[in-house]
Each structure stands twice: as C-alpha cells, then as structure tokens.
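We name chains A, B, ... by the order of the sequence lines, and we start the count at 1 in each one.
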Amino acid sequence: MATARTTDLPTVYQPQHVEERIYRFWEEGGFFTPDPSAKGRPAFSVVMPPPNVTGSLHLGHAWNNTLQDILVRRRRMQGFDTVWVPGTDHAGIATQTRVEKTLLAEEGLTRHQLGRAAFVERVWAWKNRYGDLITRQVRALGASCDWTRERFTMDEGLSRAVREVFVRLYEEGLIYRGNRIINWCPRCGTALSDIEVEHRDLPGRLVHVAYPLADGSGELVVATTRPETMFADVAVAVHPEDPRYRGLIGRMLKLPLTDREIPVIADEYVDREYGTGCVKITPAHDPNDFEVGMRHQLPAPRCIEADGRLNDTAGAYRGMDRETARRRVVEDLARQGLVRKVEEISHAVGHCSRCDTVVEPYLSEQWFVRMAPLAEAAIAAVRRGELQFVPERFERVFLHWLENVRDWCISRQLWWGHRIPAWYCDACGGITVSRTDVTACSHCGSSEVRQDEDVLDTWFSSALWPFSTLGWPDATPDMARYYPTSVLVTAYDILFFWVARMVFTGLRFTGRMPFHTVVVHGLIRDAEGRKMSKSLGNGVDPVEVIEKYGADALRFTLATGTSPGNDQRFYWEKVEGSRNFINKVWNASRFVLMNLGDGPLPPLRREALTIADKWILHRLALTVQAVDASLDRLDFGEAGRALYDFAWDDFCDWYIELSKLSLYGSDEAAKAQTRAVLVHVLDALLRLLHPFIPFVTEEIWRHLPVHDAPALAVAAWPQAEVADVDERIARQMQVIQEAIRSVRNVRSERNVPPGKPVALAVRVQDEETARLFAEARPYLMRFCQLHTLDIGTEVAVPAHAVTAVVTGAELFIPLADLVDLAEERQRLEKERDRLAAEVERAEKKLANPQFVARAPAHVVEAEREKAANYRSKLEAVEERLRALAEGV
RNA sequence: GCGGCUGUAGCUCAGAGGGAGAGCACCACCUUGACACGGUGGGGGCCACAGGUUCGAUUCCUGUCAGCCGCACCA
C-alpha cells in the first residue's frame with residue numbers, strides 16, 4: 001500500500017472506513033498463516049474455543065477472542081512461529097433445538113415428520129449459514145487466526161478422531177453400555193450428563209403417605225416429594241437399626257391405588273432423622289433408589305415414559321404428565337384417608353440447562369465413559385504441575401470436580417451429531433464397535449446389523465479439539481510442530497464441560513497435556529451485574545458495538561476491563577471511553593505525521609537529547625517493561641492500563657506539548673531531533689498497542705516512515721531500552737511538572753484569563769536547580785503563559801505576589817490587583833498546615849527507633865528525603881507568611 | 001452443608017506490606033496551529049466491621065456482616 005498524504009487523515013478516526021480493508025490486507029497478505037521460514041523459531045500455538053453454530057457471537061466470545069488475540073499477536077511480533085486455529089462447534093442439542101423450532105414455526109413440521117436424513121440436511125444448511133456468519137464476526141473482531149486451518153467439529157477429519165477415541169476407549173473397557181439411571185429431559189427427549197443439569201432450590205411438598213400392612217395389622221408412613229412415582233415402587237426401606245420399624249422388616253405392604261404388594265426392606269441408606277424414617281423405593285425413577293434396588297435385587301419397573309407421561313403401570317393415571325399425576329394421586333390418597341401430613345419444604349430440583357424443563361431421573365440403556373481411571377490420571381498430572389491455572393484458584397475447583405466425577409453419559413437421543421459407532425446384530429444380539437461402517441456382525445457374521453440410532457454428547461468431540469484440529473490421529477506436521485498447544489483461554493463456566501475433558505482425553509491419547517497454561521476469565525454481565533441471557537433480553541450484540549464504535553474500541557474495553565478470573569460489566573460509556581482513547585492515539589499520530597517535514601527522517605541520536613526527550617524515552621522504557629511483565633503473567637488489564645496512561649498522560653499531554661517548542665521554532669537541528677524522537681516513540685507505542693487495538697494501529701503505521709516489515713502485524717515487538725531508564729531525569733522532569741502545575745493552579749484560582757501573560761520569579765535553592773529551570777525556561781514560558789521569567793538563588797520577591805513552593809524552589813507570581821493579601825495569607829496557611837502535617841508524619845516515623853532499625857535501609861532513606869523536602873518547603877512557606885505579616 | 005469470589009470516590013473498577021488511584025459523573029475556566037471523542041484547574045474516600053501478625057496493615061492472617069457464584073444434597 002502506498003503511503004497516503006497525511007493531510008488526508010480525517011480529524012476523527014472512522015473505524016467503519018478502515019477495519020474491513022485492513023482485515024482483508026492481513027488475510028490476503030497471509031500474515032496469520034505460519035511462515036515456513038519460521039520453523040527454526042519457537043512455536044506458539046493456540047486453539048480457539050469453538051463458538052457454537054447455534055446463532056451468532058455474544059460479548060463473551062468477543063472477550064475470549066480479544067484476550068487470545070492479544071497473546072497471539074504479541075508472540076507473532078516477538079518472532080514466534082505462531083498459529084491460532086479457529087473453528088466452530090456443531091453444538092448438538094442447542095443447534096438441533098433451534099432448527100426444530102424454526103421448522104415448526106415456518107413449516108409446521110416436526111423433525112419426525114420430516115425424517116432423519118432430511119432433517120439432518122436442514123441442520124447442515126443452518127450450520128453453513130450461521131457458521132459463515134460467525135466466522136465473519138470473528139474477522140470483524142480482528143482475530144488474527146489462521147483461516148487456512150479452520151475446523152468444524154463434524155469435519156471428516158475430526159469425525160475420524162471421534163471414532164478413533166470411541167473405539168479405543170471401548171476396546172480398553174473405558175466405554176460401556178449400560179442400563180442406568182440418567183438425567184432425562186422430557187422436552188428435549190434425550191439423556192443429559194450430570195453437568196447439563198442445573199439444580200435450583202424450589203418450594204415443594206413432602207407428602208406423608210400411609211402404606212397399610214398387607215395383613216391389616218397396621219401401616220407404615222412414607223414421606224415423599226414424588227407421590228406420582230409410587231406405581232413404580234418396589235419396596236419400602238427402613239434403617240436396619242431403627243427400633244420403630246425393626247420388627248416390620250420382611251413384612252408386606254399394600255401399595256395404595258394399586259393391587260400390588262411390596263416388601264419392607266432394611267437398608268443403611270435410610271436416614272432415620274428425615275421424614276418418617278421410611279422411604280419408598282422406586283429404582284427406575286431415583287438414582288439412590290436404583291442403588292438400593294441393586295443391593296436387594298429388586299425389579300425396576302418404570303411408570304413414567306420418555307415423554308414425561310405416566311404409562312400403563314399407573315393404571316387410571318396413564319397419560320397424565322408428572323405434575324397432574326402428582327396432584328391427582330395426592331387427592332385420591334387423601335380421599336382414601338391415607339395422607340397423614342403435608343410438609344412445605346424447599347428442595348433442589350434438577351432442570352435441563354438447555355430448556356429449563358425439570359429433568360426426570362430415568363432408567364435407560366445408555367453409553368458411558370468410565371471416569372475413574374481417566375480422572376485419576378488427570379489429577380496426578382495437575383498435581384505434578386503440568387497444568388498452570390491463571391489465576392491459580394481455579395486449580396482447586398478443577399481438582400475437586402475430578403475427584404468426585406461420576407461416569408459420563410455420552411449418548412444423546414438426537415439426530416445432529418456424531419452417530420455412535422456401534423452396530424447391533426439382530427441375529428445374535430452382539431455389539432460391534434468399529435472405526436469404519438459395519439456391514440456384517442463381528443460375532444456371527446450376519447448382515448442384519450443396524451447402527452445405534454443415537455449420537456454422542458457434543459462435548460465428546462470438543463474434548464479432542466486441541467489435537468483433532470491439528471490432524472490427530474494422523475501424525476501430521478502440525479501435530480509434531482504445534483502440539484501441545486501453548487495456552488488455552490476460556491471462561492470459568494466451561495471448566496468442567498470442556499477443559500477437564502480435553503485434559504483427560506489429551507493425556508490418554510497423546511500422552512501429554514493439551515496445553516500447559518489455562519487462562520480463566522470471567523463472564524460478561526449487564527450494567528446491573530446480571531448475566532446476559534436471551535430470556536432476559538439484556539444481551540448486547542458485539543456487532544452492534546463494532547458498528548457504532550469500532551472493533552478496537554470493543555477490544556480495548558474488554559481487555560482493560562479484565563481482572564484475572566473476575567466477571568466484568570458491560571457499559572456503553574466504557575466503550576465510548578475506549579473510542580475516545582483510540583481517537584486520541586489517532587490524533588497524536590496525525591500530529592506526528594503532520595510535523596515530519598519534507599526531508600528524510602533523521603536518525604535518533606541519543607547524544608543530543610533534551611530533558612524532555614530523555615524523559616519520554618525513560619517513560620517508554622518503563623512502559624515496555626510494565627507491558628511485558630503484565631502480559632507475561634497474563635494480566636491483560638494491567639498491560640492495557642499502562643499503555644493508556646503512557647499514551648495519554650506522558651506522550652500526548654506532556655511530550656507532544658513539549659515538542660511544539662522545537663517544532664514551531666527555527667532551530668532546524670533541534671526540529672530534526674524532535675521529529676526523530678516523536679517517530680521513534682510513536683512507532684514503539686503503536687507496536688505495543690497493536691495486540692490490543694490492531695486496526696487503528698495498523699492503519700496509522702502504514703503512514704509512518706518506518707518500513708522494517710510488510711505490516712505492523714508482523715513487525716518486531718519493542719525491546720525495553722534499559723539504557724534509557726534514567727531516574728535522575730525523571731526527578732528533574734517531576735520538578736518541572738510540579739512547577740508548571742503550581743503556576744497553572746495559581747492562575748486558575750486567581751482567575752487569570754488563560755490568554756493573559758504573567759511574570760514569574762523563581763528563587764532556587766542551589767545552582768543545580770538553577771540550571772534545571774534555565775533548561776526548562778522555554779517550557780515554563782509556554783506552558784504558564786509568561787512574559788518574563790527570572791531565575792536565581794537571590795531573586796527578590798516581587799510586590800503583590802502569590803507564592804508557590806515546589807521541590808527546590810519558590811515561585812513568585814506578581815498579580816498586583818488580583819491579589820488579596822488576606823486571601824493569600826489564608827492560602828499559605830492552608831499550605832503550611834498541610835506541609836506541617838506531612839513533616840510531622842515523616843518525623844514521627846523516623847523518631848521510632850524500631851522503624852529505623854527494622855525497616856529496609858532504602859525505605860528509611862526515602863523517608864528521610866521526604867522529611868527533608870517537606871521541611872524545606874515548610875520553611876519557605878513560613879518565611880513567606882512572616883514577610884506578609886511584615887507587609888512585604 | 002463444603003468451597004470460592006466480591007466489599008476502596010456518586011457510579012464502574014484498578015491497586016499494593018512503607019505518603020489512597022483511574023475512567024465516567026460533578027464544579028470552574030478555555031474554539032491555544034493533533035484531538036471538544038479535546039485542554040487546564042478543582043472538589044470528593046474512618047479502603048465493610050472487629051481482632052491478630054508486623055517497626056509499619058487499606059494490602060497478610062482469623063472471625064463477623066453483606067452481596068454473588070460453584071459443588072453436594074435425604075426420600
């Protein structure tokens with residue numbers, strides 16, 4: 001791209017005119033695809049948490065991608081062989097549900113009416129549409145991922161990885177099929193894993209129901225919250241040592257509303273304190289009861305079917321839904337005089353995390369992953385320190401979950417997903433699990449085989465993402481080069497869903513952690529602190545933010561709002577602030593470009609620098625160090641804030657203003673020197689800012705007369721110039737800034753019109769300070785609007801002057817008519833009190849022998865300096881007050 | 001019940017064992033040749049509470065209170 005004329009740059013940065021073009025420039029330039037020549041350099045690889053193809057991105061994705069992009073872009077600029085693999089997730093239930101809803105709304109059809117093949121085709125169409133939308137949005141964010149490596153969880157290659165893992169786990173006995181109690185969502189019509197169930201405390205009724213003894217000699221009262229499941233009761237359990245019921249063990253009870261009889265059994269599972277101490281046992285509809293049933297070899301009849309309605313077992317209640325049946329059963333029991341008590345209680349009820357329907361513990365044949373050995377390996381590896389959590393506290397949560405994890409139900413009664421690679425033989429009943437499609441039973445050879453109808457849990461394929469995207473199970477060059485990946489960035493809400501599963505599959509199948517570091521960030525909330533959700537309608541569309549303020553503004557907001565592991569709230573005002581910052585950088589750059597002059601840029605020569613030059617280079621060096629340190633420990637917020645402060649306060653408010661002295665002067669050599677410094681600092685600043693706000697920095701950088709790379713995106717990351725760190729210069733500059741601020745303060749407080757020049761007399765303490773003020777003379781003249789400036793150790797106090805005391809000097813501003821002596825005395829007295837308090841504080845500290853003896857020497861020394869400084873200022877103020885009293 | 005996070009200016013949030021910070025909001029002034037998406041100056045805080053450790057605590061430890069979030073839940 002040719003360098004445009006800088007005068008063409010608008011005074012307000014317009015991201016809408018820049019971002020799309022810049023992204024195209026990057027992508028067409030291939031800057032995000034690893035350069036084969038980089039092979040000699042260390043690798044840095046990241047896999048993007050794949051967004052669901054359900055719909056579109058939300059702010060959480062924007063945040064997540066921003067953080068990753070900051071890491072990736074910096075590493076790329078640091079010369080690493082960098083790759084960031086993007087992609088999307090098929091999101092089984094979520095996507096299927098969306099398509100089903102659309103189908104019903106638009107065509108009035110259910111998926112069953114359409115048929116499996118046709119339905120799956122519809123979902124693919126949806127995937128293509130929304131997958132594209134999402135990748136466009138990821139581009140709009142400026143994510144520097146390698147689109148040539150884009151993956152989808154149902155790609156051919158990734159599907160092969162899924163089958164490979166399934167088959168190997170099956171062969172190793174870590175996947176099994178079993179008839180177990182699982183969480184069933186009657187609305188979604190599928191099994192769920194434990195973590196897809198959300199428990200919420202809800203008010204409920206604990207109904208005490210009398211079960212009469214079969215011989216009519218009495219009754220047992222059971223307490224239940226689920227009376228509608230009584231048709232599937234197979235026993236009533238009591239504690240073996242409960243004296244109330246010991247004699248009844250083995251007796252038979254009449255199951256009310258039925259003509260069945262069930263036994264009283266003894267099991268230690270029963271809590272004697274709770275309810276009546278008698279528990280009805282319903283193995284098919286309660287996980288604990290299932291365990292009890294197993295121990296006692298009881299049958300497990302079902303009375304509720306997959307659709308959440310009662311079946312024939314329930315006799316007259318057949319066809320009713322759970323709620324209705326519950327009400328009717330209690331009514332009927334009451335009518336028969338069998339309800340002894342109804343307690344209002346609060347209890348946790350499981351809800352489908354997808355659709356919020358109350359889940360039904362449900363006995364059915366499902367596929368499971370045996371977790372114990374896998375979790376054990378993962379725990380051991382984490383304990384060995386093979387995985388770092390940032391912040392650390394998430395390690396405990398992670399381990400706790402793994403330590404208590406139960407077998408993972410992986411089969412889903414859905415159509416959208418990876419079909420389970422198991423075939424059942426109608427001839428011999430055998431199961432064949434295979435990497436390739438099966439046409440003949442592996443046990444009897446019969447061709448009457450049919451594949452399992454179900455698909456796998458979405459997270460089964462996401463669990464393989466870090467290696468399946470790199471080509472596993474094949475030994476690809478990418479696997480060799482980029483696996484394990486360098487870091488994973490994710491929100492804490494999918495630690496168990498995703499991170500834990502990647503860890504144990506990674507360990508099992510590649511023998512390594514899929515990443516050595518996990519950066520865990522929080523969730524984005526609305527202005528009231530509520531989670532953003534579709535049902536609340538409080539979500540903010542990142543595309544809308546980008547259209548209004550630009551992707552850079554959104555990114556900068558999210559990055560600087562990051563505090564490790566914590567949530568952040570979204571405010572439009574924050575985005576506006578970021579937009580303003582970006583505009584500030586834009587205009588500072590315009591200033592530099594407009595003042596470049598015609599000739600070639602002179603080299604930066606450090607031997608002829610002004611105090612201002614040295615100071616800004618000092619500040620820059622410290623900023624590079626701060627940004628590097630923050631990013632090295634993955635603290636994005638701190639890094640962003642350090643850049644904000646440097647760019648706005650140091651560079652714009654001070655250095656650019658100071659640079660105008662020479663730029664608008666006539667000393668050509670000084671002018672050239674200033675230009676060199678301006679360009680040097682701006683160039684470094686743009687490089688440092690680039691990972692945060694890539695678009696605007698790339699756009700500006702094109703105009704800079706710096707051409708060591710084809711794009712800022714692949715330009716070298718700045719090195720901290722340690723030699724530029726100069727504390728003496730920093731202290732000197734501080735004195736000058738203090739003086740300038742003091743005079744400005746006086747002018748403002750005395751209502752001196754901004755345009756009106758005043759005189760300033762500076763009485764300095766020593767020759768060194770005199771030289772400093774002499775050097776700073778032009779700065780003071782301009783910044784304080786002076787017409788005269790006297791500097792010396794012996795300068796006289798002008799008449800009607802306002803006094804300000806700074807480190808090493810007294811400033812006198814004669815204001816004649818504007819000075820009210822009484823007011824001036826008051827002002828100085830206030831200043832005297834403030835200084836006296838400071839002196840007292842410091843001296844008290846120094847008077848404490850323990851402090852002097854035990855505190856580190858440099859702290860004591862710093863305290864002495866402070867005390868001396870304040871004492872000297874205090875003396876000057878007091879002397880001035882004495883003089884005023886004498887009418888001087 | 002177990003575990004975690006948060007409590008700092010009106011609001012949103014940083015911070016750190018050694019004199020309380022930012023942005024926004026607020027007040028006053030300013031179209032100064034990069035920028036009004038700007039500049040200059042200013043006001044505003046027992047750093048939730050109570051103990052402890054320390055020469056020194058807003059920062060570390062313990063407890064209390066308040067808000068939030070996980071995990072586990074006995075029908």
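- Nearest-nucleotide positions on RNA chain B for D567(A) and V592(A) put D567(A) closer to the 5' end.
- The separation of rG10(B) from rG44(B), taken at their C1' atoms, amounts to 9 Å, rounded to a whole angstrom.
- Residue E392(A) qualifies as open at atom CD: its count of foreign heavy atoms under 6.0 Å is 12 or below.
- Among the nucleotides rG15(B), rC71(B), rC35(B), the one closest to any side-chain atom of N583(A) is rC35(B).
- There is a side-chain donor-acceptor pair under 3.5 Å between K280(A) and T229(A).
- Taking 3.5 Å as the limit, the base of rA34(B) and the side chain of E657(A) contain a donor-acceptor pair of atoms between them.
- At the heavy-atom level, I281(A) lies nowhere under 4.0 Å from the strands shown.
- E291(A) contributes no side-chain N or O that, together with a main-chain N or O of N288(A), makes up a donor-acceptor pair within less than 3.5 Å.
- Contacts of S662(A) classified as side-chain contact (heavy atoms from CB on, under 4.5 Å), with partners at least two apart in sequence or in another chain: A670(A), T674(A).
- With rC11(B), rG70(B), rC24(B) as the candidates, the nucleotide lying closest to the side chain of Y571(A) is rC11(B).
- The side-chain contact (heavy atoms from CB on, under 4.5 Å) search around D201(A) returns S346(A), A348(A), not counting sequence neighbours.
- Proximity of a side-chain donor or acceptor of R579(A) to a complementary backbone N or O of G550(A) within less than 3.5 Å is not detected.
- Proximity of R744(A) to the phosphate of rG41(B): a side-chain N or O atom is located under 4.0 Å from OP1 or OP2.
- For rC74(B), the OP1/OP2 oxygens have a side-chain nitrogen or oxygen of N288(A) closer than 4.0 Å.
- Using a 4.0 Å cutoff on non-hydrogen atoms, no part of residues 547-554 of chain A comes near RNA chain B.
- Annotation: rG39(B) and rC60(B) have their C1' atoms spaced 43 Å apart (nearest Å).
- Listed pair R747(A) / rU40(B) fails the phosphate criterion, with no side-chain N or O lying under 4.0 Å from OP1 or OP2.
- Checking the phosphate oxygens (OP1, OP2) of rG4(B), a side-chain nitrogen or oxygen of R396(A) falls inside 4.0 Å.
- Both R579(A) and V859(A) lie near RNA chain B, and the one whose nearest nucleotide falls closer to the 5' end is V859(A).
- For rG39(B), the OP1/OP2 oxygens have a side-chain nitrogen or oxygen of K584(A) closer than 4.0 Å.
- For rG39(B), the OP1/OP2 oxygens have a side-chain nitrogen or oxygen of W648(A) closer than 4.0 Å.
- Applying the 3.5 Å distance criterion, the base of rC35(B) shares no donor-acceptor pair with the side chain of R590(A).
- Consecutive pairing runs in RNA chain B reach the stem threshold at B:1-7 with B:65-71, B:10-13 with B:21-24, B:26-30 with B:38-42, B:48-52 with B:60-64, where a stem means at least three Watson-Crick or G-U wobble pairs with distances under 3.5 Å.
- Nucleic acid contact for N566(A): sugar-phosphate only, since backbone atoms but no base atoms lie under 4.0 Å from a heavy atom of the residue.
- The residue D493(A) sits apart from the nucleic acid: no heavy atom pair falls under 4.0 Å.
- Judged by distance alone, with hydrogens and angles left aside, the side-chain atoms of Y571(A) form a donor-acceptor pair with the main-chain N or O of A527(A) at under 3.5 Å.
- Residues that satisfy the side-chain contact (heavy atoms from CB on, under 4.5 Å) test with N583(A), not counting sequence neighbours, are V12(A), Y13(A), W586(A), N587(A).
- For R569(A), a side-chain nitrogen or oxygen approaches OP1 or OP2 of rU12(B) to under 4.0 Å.
- Relative to the side chain of N745(A), the nucleotides rA75(B), rG42(B), rC5(B) differ in distance, and rG42(B) lies closest.
- Atom name P, nucleotides rC27(B) and rC13(B): the rounded distance is 24 Å, in whole Å.
- Here P856(A) lies in heavy-atom contact (under 4.0 Å) with a base.
- Here rG70(B) is the nucleotide among rG70(B), rA75(B), rG41(B) with the atom lying nearest to any side-chain atom of F496(A).
- Rounded to whole Å, the C1' atom of rG23(B) lies 15 Å from the corresponding atom of rU8(B).
- Atom C1' of rU59(B) sits at a distance of 24 Å from the matching atom of rC11(B), rounded to the whole Å.
- Among the protein residues, K574(A) comes within range of the sugar-phosphate backbone only, with heavy atoms under 4.0 Å from sugar or phosphate atoms but none that close to a base.
- For V279(A), whose side chain is taken as the heavy atoms from C-beta onward, the closest listed nucleotide among rC69(B), rA75(B), rC71(B) is rA75(B).
- Not less than 6.0 angstrom separates the ring centroid of W401(A) from the ring centroid of F394(A).
- In this structure, CD of E528(A) is placed 18 Å from P of rG67(B), rounded to the nearest angstrom.
- Residues meeting the side-chain contact (heavy atoms from CB on, under 4.5 Å) test with V358(A), sequence neighbours left out: R322(A), V349(A), H351(A).
- If you check every strand for non-hydrogen atoms under 4.0 Å, C278(A) touches nothing.
- Using a 4.0 Å heavy-atom criterion, one finds that N869(A) contacts no nucleic acid atom at all.
- When the nucleotides rG70(B), rG23(B), rC73(B) are ranked by their closest atom to the side chain of D201(A), rC73(B) comes out on top.
- Using cut-offs of 30° and 60° on the angle between ring planes, the pair F556(A) and F692(A) is perpendicular.
- Regarding contacts with the backbone of rG38(B), a side-chain N or O of N580(A) is found under 4.0 angstrom from either OP1 or OP2.
- Distance noted for atom P between rC73(B) and rG17(B): 41 Å (whole Å).
- Side chain to side chain, D194(A) and W408(A) fail the donor-acceptor criterion of an N or O pair below 3.5 Å.
- Phosphate proximity of rA34(B) to Y664(A): present, with a side-chain N or O under 4.0 Å from OP1 or OP2.
- Among the atoms of the strands shown, base atoms are found under 4.0 Å from some heavy atom of E838(A).
- Using atom P as the reference point in both rC47(B) and rA57(B), the two lie 13 Å apart (nearest Å).
- Distances shown here put every side-chain N or O of N751(A) at or beyond 4.0 Å from the OP1 or OP2 atom of rA28(B).
- Considering only the side chain of V12(A), rC37(B) comes nearest among rC73(B), rA75(B), rC37(B).
- Heavy atoms of D271(A) sit under 4.0 angstrom from at least one base atom.
- Backbone-only contact: R741(A) has heavy atoms under 4.0 Å from sugar-phosphate atoms and none from a base.
- K660(A) NZ: more than 12 foreign heavy atoms inside a 6.0 Å radius.
- No hydrogens or angles were tested; on distance alone, nothing pairs the side chain of D286(A) with the base of rC74(B) as donor and acceptor under 3.5 Å.
- At a threshold of 4.0 angstrom between heavy atoms, the contacts of Q568(A) with the nucleic acid are absent.
- Y492(A) comes within 4.0 angstrom of nothing in the nucleic acid, heavy atoms only.
- The shortest distance between the side-chain N/O atoms of K660(A) and the OP1/OP2 oxygens of rA34(B) is below 4.0 Å.
- Distance E863(A) CD to rG17(B) P: 17 Å, rounded to the nearest Å.
- Of all heavy-atom pairs spanning T276(A) and H208(A), the tightest one is CG2-ND1, 3.2 Å.
- Proximity of T225(A) to the phosphate of rA75(B): no side-chain N or O atom is located under 4.0 Å from OP1 or OP2.
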